[in-house]
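Data block below; observations after.
As a basis for the values below, the full set of heavy atoms in this structure was taken, side chains included, without hydrogen atoms, waters or symmetry mates.
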Amino acid sequence: MPRSASPSFARAFWTLAKPYFTDRKERRSAWGLLTVIVILNLGSVGLSVWFNQWYNDFYNSLQEKDFEAFKTLLLHFTGVAFAFIIVAVYKQYLRSMLEIRWRRWLTEHWLNDWLGGKRYYHMQMLGLGTDNPDQRIAEDLRLFPYYSLTLTLGLLNAVVTLASFLGILWSLSGDFAITIGGTDYAIPGYMVWVAIVYAVAGTWLTHLIGRPLVKLNFDKQHMEADFRFHLVRVREHAEGIAFQHGEAVERAGLGARFAAVFGNFYDIMRKQKQVTWFTIGYGQLALIFPFVVGAPRYFSGAIQLGGLMQISSAFGQVQEALSFIINSYPEIAEWRSVIDRLTTFRTGLDKARRISTQSQITVAQTGDTLSIDALTLDLPDGRPLMRADGLQLSAGDSLLVQGRSGKGKTTLLRAIAGLWPFGTGNVQRPADAVSLFLPQKPYLPHGTLRAALAYPRDPAQFSDADYRAALVALDLSKLENRLDEEAVWEQQLSGGEQQRVQLARALLLKPQWLYLDEATSALDDATEEKALDALRASLPQTAVFSIGHKPALVAFHRQRQMLDGAAAGEPSRLVAAG
């Protein structure tokens, strides 16, 4: 039995498919479309049965030179052929409709799962066995409905075709007489047995030859996505690479990744060639095979030319139905690899969800005070990183946390934001609606500068005067006339300009709580002092929680605490600075 038909595969398929077909809003239309498609498939099989009988009558009319019967049969053919065309067109059209609706639903729900609960962040931070989630969502969620409908409906069509034509082929075959040891034996419906043996042998040999395609197709998507990802990284970090003359290193890295893509593609090409050698030869032999095995009855006079043509048609239908796996093996291998990749992605999402829900760090978003009680932060492997207790920050106040790199300063900010699940303790902070977190590396979404400044709010909420005032305050007046220009701003602006755009965002959004993680590290002393003065002047009632090393930050904050230098293996502690 092929791996793709194993019970574990069936469970994995149903686990991925079930949510759509049981969704409260989609299930009626999903099952309705699927039912109509199945009915059309059954109709097409019924028309094929009619055509099989038509072959008998049509070729007999030719053999007997019956012109009246010939004309009548042509008229019948015209009507039924027109019906066959209608069924074929709407079968394809409705299947495509179900496919795109299914893909839309999958994309919406998987995006929600990935982005919800910060799972996209936890999966990347913890490396939960899922590479290139963009490829999973964009490519695999496209292929999953396509292959699922194509192959399951193809299998249904094969089963119904087999059931419909086995009886016809059995009745047309007659008995095959064979003498063994002087005794005559008659094999009833011998062409049915020939077709079964022929198809089973072909299926087994195809699986034997093509089994490696499952893993090769799984690896193909991973390698293609990895190559594409690193091409994007070169584009995004073009300036850093150019400054450091890193072209040779990047070329070597991209060359090595493409070599993997090339090698995998070549392996797939070679294996598909082997499968194609066999399947094409198998298919060509199937064209003449029924005439060879049916010829004895025809030349003996047991059947007419129409009967021989009907046998050929029925044998072809039975053989094609039994050979469904042979003919679809490359698609089945790709389908299996798609399901394996999506299952891996789903497992990663579930792990990220469990990590978040099982966290013993409680983050309550209430009140107008930041408080940290008995907080212990651990590394993902369980080793303690830092401890903080009794920290209080009131509305309008400011606190600077300093300490050596690697002691847990940014991790403390992650815990306050609800991003760090490892550890124990309690954090109370105001709601996200009145808070703004600004990291050391600014995020400027692709699009207009207006949208980058207002992120994540709606740019229409602010006037042109608001945008210009924020830019001028951060000494970015040269950008005033570029508010509606669309650009990749991370490449258009220097590191210091990006940080100032991010600080201008704070002036625009006017949060009641502002969290800064080395948010002025790229600024020179004079520019940093001017930026901090702008924050103080524009946000006098805003509470500020900062992480940073630069001296100018000390004067900007009323409180200062330090992460002490603990011994190796011991967690650092947050203590008041002198």
Sub-3.5 Å donor-acceptor pair from the side chain of [X] to the main-chain atoms of [Y], do we have one?
X    : Y    : answer
E331 : L151 : no
Q512 : S435 : no
R500 : D475 : yes
D466 : S463 : yes
K409 : G403 : yes
E529 : A552 : no
D140 : I339 : no
R505 : V501 : no
N112 : E108 : yes
K220 : I268 : no

Closest non-hydrogen atom pair between [X] and [Y], with its separation:
X    : Y    : value
L507 : A470 : CD1-O, 4.0 Å
R429 : L370 : CB-CD1, 3.7 Å
P145 : E99  : CB-O, 3.9 Å
Q402 : G548 : CG-O, 3.0 Å
D378 : G423 : OD2-CA, 3.7 Å

We want to know whether D340 and T343 form a side-chain donor-acceptor pair, criterion being a heavy-atom distance below 3.5 angstrom.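 Side-chain D/A pair, D340 to T343: absent.
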
The criterion is side-chain hydrogen bond (donor to acceptor under 3.5 Å, both in side chains); which residues satisfy it with E485, sequence neighbours excluded?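 Partners of E485 by the side-chain hydrogen bond (donor to acceptor under 3.5 Å, both in side chains) criterion, ordered by chain and then number, come out as R482.
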
Salt-bridge test for K478 and E497: reply yes if a basic N is under 4.0 Å from a carboxylate O, no otherwise.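 Looking at E497 together with K478, the answer is yes, because their closest N to O distance falls below 4.0 Å.
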
Indicate yes or no: does E26 engage R104 in a salt bridge with an N to O separation below 4.0 Å.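 So E26 pairs with R104 through a salt bridge.
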
Counting C-beta onward and ignoring hydrogens, is there a side-chain heavy-atom pair between [X] and [Y] closer than 4.5 Å?
X    : Y    : result
L471 : L453 : yes
L508 : R457 : no
P459 : T448 : no
P511 : V434 : no
Q492 : L449 : no
Q135 : R228 : yes
S356 : R353 : no
L412 : L563 : no

On the 0 to 90° scale, with breaks at 30° and 60°, tag the [X]-[Y] ring pair as parallel, tilted or perpendicular.
X    : Y    : value
W110 : F345 : tilted
Y515 : W513 : parallel
W102 : Y20  : parallel

Hey, does the Lys NZ or Arg CZ of R536 hover above the aromatic six-ring of F556, less than 6.0 Å from the centre and inside 45° of the axis?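 R536 over F556 ring: no.
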
